[in-house]
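Here the structure is laid out as structure tokens; the discussion comes afterwards.
What you see is a predicted model, and the numbers here were worked out from it, not measured in a lab.
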Amino acid sequence: MTFRDILYTTGGPVATITLNRPRYKNAQSYRMLDEIDSGFTRARDDRNIRVLVIRGSGGHFSSGHDLGTQEAIEYRQSLGAEPGIQSYDQFKKYNLDLLMGWRNFPKPTIAMVEGYCIYAGWMLAACCDVVFAASDAEFLAGFVEYMSIPWDIGIRRAKELCFESRFIAADEAHAFGFVNRVIAPESLERETYAYAHRVAENSSDALRFVKIQANKAQDAQGFRNALEDSLGDYQAMMYLLGESMRVKGQRRLATVDLAFRGKQGERYGQRSTE
């Protein structure tokens, strides 16, 4: 497909998918997700590519899902899913199946995170094998469709963050085990691609078997089944709560709004009168 919302580039054995909707801090529409998947396919089919880097343009990784820009609405409508099972299949494709496919992509993947990594941004980073983050990057976890968060940081920490709805800095994400390396912003690109090229020096067969084994170990613990189950719970929540999950008149979830209020010092315990 013709890319409009991503950039696909190569440099030697390393390919890069760049989320490219900086106006919306790389909010993920269905079109963008289709383009990301096409980028993965292109990297998979190119025998010269051994490593894939995922990043965002404009200083942010991703602000989450697109919750209603006009272009996103029009693209979704153009897909023509009818109410009922077609809509379910579509929702599952864009919120679980694609991401599980990216997680099982046959070559190593690296998320290079700058700025915001919110909800669907976390989901995309979680699909990658390795996460490198700028020291000023900010992560926001919540009950998302691809609910890998208990696996990413542990059950108690997942509950803590999702209960409170707060951003964590890159250092905290690293301490929790989600981020592999925290790097100064001015060095992030250089260090990420240096690592990618060192990985590419390894045998492609060895890389493939390492990834198969690691993912199998996680699946043996119930990863895939847990995420399938969780998607049903997510859909039930959205069906029962509907528009109450969003901030009225805005393209923002109420839980995300809480996190931004926390950044502004407006939540309980942050004000001098409390």
Could you tell me whether Lys159 atom NZ has more than 12 heavy atoms of other residues or ligands within 6.0 Å of it? no
First locate atom [atom1] of [X], then atom [atom2] of [Y], and finally report the distance between them rounded to the nearest 0.5 Å.
X: Tyr24; Y: His60; atom1: OH; atom2: NE2; answer: 15.0 Å
X: Gln28; Y: Leu33; atom1: CD; atom2: CG; answer: 5.0 Å
X: Leu19; Y: Ile36; atom1: CG; atom2: CD1; answer: 4.5 Å
X: Arg31; Y: Glu74; atom1: CZ; atom2: CD; answer: 11.5 Å
X: Lys216; Y: Arg224; atom1: NZ; atom2: CZ; answer: 12.0 Å
X: Cys162; Y: Ile153; atom1: SG; atom2: CD1; answer: 7.0 Å

Any residue meeting salt bridge (Lys or Arg N to Asp or Glu O under 4.0 Å) with Arg252, in chain and number order, not counting sequence neighbours: Asp257
Asp46 with Lys107: basic N within carboxylate O range, under 4.0 Å: no
Charged N-O contact under 4.0 Å between Arg44 and Asp37: no
Could you check whether any side-chain N or O of Gln270 sits under 3.5 Å from a backbone N or O of Gly262, counting only pairs where one atom can act as donor and the other as acceptor? yes
Without hydrogens or angle criteria, can the side chains of Ser187 and Arg190 be said to hold a donor-acceptor pair below 3.5 Å? yes
Going by side-chain contact (heavy atoms from CB on, under 4.5 Å), Thr9 matches just one of Val14, Val53, Thr16. Which one? Thr16
Among Val144, Asp152, Leu140, which residue satisfies the side-chain contact (heavy atoms from CB on, under 4.5 Å) criterion with Trp122? Asp152
Applying the 4.5 Å side-chain criterion to the ILVMFWY set and letting contacts propagate, would Tyr119 and Ile168 be lumped into a single cluster? yes
Hydrophobic cluster membership, Val210 vs Phe105, 4.5 Å side-chain cutoff: no
For residues 77-88, tabulate all N or O donor-acceptor pairs below 3.5 Å that involve a side-chain atom, not counting sequence neighbours.
unit_1, atom_1, unit_2, atom_2, d
Ser78, OG, Tyr75, O, 2.5
Gln86, OE1, Glu82, N, 2.8
Ser87, OG, Glu82, O, 2.8

Closest approach of Ile17 and Phe40, non-hydrogen atoms and distance? CD1-N, 3.6 Å
